[in-house]
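The chain is numbered in sequence order, starting from 1.
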Amino acid sequence: MKKVLLLLFMTISSFVFGQVRTDWQVDGLKGKVKKVMITCSNAVGDQNRIEKMYDEKGYLLHEIHLNSVDSIEDIEMKYDVFKEYTRYIYVKAKSDKEYSDIVENKRGGDYKMYLNVLNYERADRRIVDEYQQDRRTLTEESYVKYDKYLSTVYRKMFEYDEKGTLVKEVVKEEINGVKNKYVLIYDIRSRDAIGNVLLQTKRNSETGDIITEQFDYLYYK
């Protein structure tokens with residue numbers, strides 16, 4: 001559960017010049033996407049599925065992570081609407097009886113976001129998200145500490161093509177003092193008529209491991 005949450009919170013969005021970025025902008029989506037379904041698979045047959053539902057203004061309503069790996073639990077997330085720069089997110093793992101409340105509080109300016117996530121498993125989190133004028137993320141820095149027994153620091157740097165599509169991700173991480181660095185190379189294989197990605201691969205330049213991602217969309221009329 002904790003490992004899944006570390007990944008989930010790396011992708012949380014932000015605002016610029018008094019306006020909260022939509023989740024369409026954060027996720028790099030074109031058009032009025034109602035739902036996106038992402039199927040991720042690797043060479044050994046593990047398969048994960050992510051489903052995201054957006055409202056007509058482009059903000060997340062609901063998110064589900066379904067995992068085929070037994071050691072990683074399925075996750076469900078429900079999103080409240082923003083009130084000024086704050087919204088609540090309700091998270092529930094498959095083994096949990098109730099949802100846990102998370103406060104997503106966005107403060108910032110000059111194309112930077114400062115995010116503090118509170119009230120989940122006594123974890124201290126801080127994410128700094130720097131982004132460009134078209135609101136795609138350039139860098140993310142994340143600090144997560146669960147009580148005294150787990151400390152993680154991530155730094156991600158993102159590169160995009162001329163269409164604004166993510167093509168490269170450099171990740172530096174430090175987990176309990178152990179440092180690691182790797183690069184993910186994105187290869188876009190196909191897009192739909194609007195320009196959203198239908199099929200892409202992510203290759204780890206250090207290990208050679210490849211993840212294939214297939215996307216299916218539903219649009220508002």
Side-chain angles (χ1 to χ4, degrees), residues 3-4 6-16 20-52 54 58-60 63 65 67 108 110-113 115 127-142 152-175 179-219:
K3 292 181 180 179
V4 175
L6 291 177
L7 296 175
L8 287 174
F9 287 110
M10 295 304 297
T11 57
I12 295 177
S13 56
S14 57
F15 84 102
V16 59
V20 176
R21 284 193 295 175
T22 69
D23 293 303
W24 284 341
Q25 291 171 319
V26 173
D27 293 339
L29 296 175
K30 298 173 173 49
K32 297 178 70 66
V33 175
K34 182 177 183 179
K35 183 178 182 179
V36 59
M37 294 152 285
I38 309 169
T39 303
C40 310
S41 54
N42 60 20
V44 298
D46 296 329
Q47 191 172 88
N48 301 327
R49 184 179 177 88
I50 301 171
E51 297 183 3
K52 294 183 177 183
Y54 304 84
Y59 293 100
L60 277 166
E63 186 172 347
H65 291 243
N67 299 284
D110 297 330
Y111 303 118
K112 286 188 178 181
M113 174 277 283
L115 167 67
I127 298 176
V128 179
D129 180 358
E130 182 179 5
Y131 47 95
Q132 54 199 12
Q133 191 168 358
D134 63 5
R135 303 193 176 190
R136 296 308 308 276
T137 298
L138 292 174
T139 64
E140 280 184 355
E141 292 184 5
S142 175
T152 303
V153 178
Y154 285 96
R155 177 173 174 79
K156 292 186 175 183
M157 292 168 282
F158 303 92
E159 295 183 13
Y160 302 88
D161 64 14
E162 66 280 358
K163 296 181 179 179
T165 303
L166 180 62
V167 295
K168 184 178 180 181
E169 180 179 344
V170 181
V171 182
K172 297 180 180 179
E173 62 183 13
E174 182 176 342
I175 302 177
K179 296 182 179 181
N180 186 32
K181 177 184 176 180
Y182 57 92
V183 178
L184 297 176
I185 306 298
Y186 290 70
D187 183 9
I188 312 301
R189 301 297 180 88
S190 62
R191 302 174 186 265
D192 67 8
I194 295 178
N196 287 318
V197 174
L198 289 174
L199 183 66
Q200 71 178 13
T201 59
K202 294 191 297 186
R203 179 175 58 85
N204 187 317
S205 63
E206 301 299 317
T207 65
D209 294 339
I210 295 177
I211 295 176
T212 301
E213 296 181 330
Q214 181 176 337
F215 299 77
D216 294 286
Y217 302 93
L218 293 177
Y219 292 92

Checklist line | Nearest-0.5 Å distance, CG of residue Asn67 to CD of residue Gln47 | finding: 11.0 Å
Next item on the list: Determine, stepwise, if the pair Asn204 / Leu184 fulfils side-chain contact (heavy atoms from CB on, under 4.5 Å).
Entry: CA-CA 5 Å; Asn204 187 317; Leu184 297 176; 4.1 Å; yes
Notebook entry, point to check: To the nearest 0.5 Å, what is the distance between CZ (Arg189) and CD (Gln214)?
Noted result: 12.5 Å
Next item on the list: Please determine which of Lys168, Glu169, Arg203 meets the side-chain hydrogen bond (donor to acceptor under 3.5 Å, both in side chains) test together with Tyr186.
Entry: Glu169
Next item on the list: Identify the heavy atoms of Leu199 and Phe215 that sit nearest to each other, and give their distance.
Entry: N-CD1, 4.4 Å
Next item on the list: Would you check, one step at a time, whether the test side-chain contact (heavy atoms from CB on, under 4.5 Å) holds for Thr22 with Tyr59?
Entry: CA-CA 5 Å; Thr22 69; Tyr59 293 100; 3.8 Å; yes
Check: Given side chains that start at C-beta, do those of Asn48 and His65 come closer than 4.5 Å, heavy atoms only?
Finding: no
Notebook entry, point to check: Do Leu60 and Tyr54 come close enough that some side-chain heavy atom pair is under 4.5 Å?
Noted result: yes
Next item on the list: Can you measure from CD (Glu51) to OG1 (Thr39) and round to the nearest 0.5 angstrom?
Entry: 8.5 Å
Next item on the list: Taking the side chain as every heavy atom from C-beta outward, state whether Thr207 and Tyr182 have any atom pair closer than 4.5 Å.
Entry: no
Check: Going by heavy atoms in the side chains, are Val33 and Tyr219 under 4.5 Å from each other?
Finding: yes
Check: With no hydrogens and no angle check, is any side-chain donor or acceptor of Asn196 less than 3.5 Å from a backbone partner on Lys30?
Finding: yes
Margin query: What's the separation between atom SG in Cys40 and atom CD1 in Ile211, rounded to the nearest 0.5 Å?
Written below: 7.0 Å
Check: So, the side chain of Asp192 versus the backbone of Ile194: is there a donor-acceptor pair under 3.5 Å, distance only?
Finding: yes
Check: To the nearest 0.5 Å, how far apart are CG in Asp27 and CG in Asp23?
Finding: 6.0 Å
Check: Where do Glu159 and Leu166 come nearest, in terms of heavy atoms and distance?
Finding: O-CD1, 3.4 Å
Notebook entry, point to check: Is there a side-chain contact between Met157 and Lys172 (heavy atoms, below 4.5 Å)?
Noted result: yes
Note to self: Donor-acceptor pair, distance only, cut-off 3.5 Å: does the side chain of Tyr217 make one with the backbone of Val197?
What the structure shows: yes
Next item on the list: Using a 4.5 Å cut-off on heavy atoms from C-beta on, say whether the side chain of Asn180 contacts that of Glu206.
Entry: no
Note to self: Within this structure, what is the CD-NZ distance for the pair Glu63 and Lys52, rounded to the nearest 0.5 Å?
What the structure shows: 5.0 Å
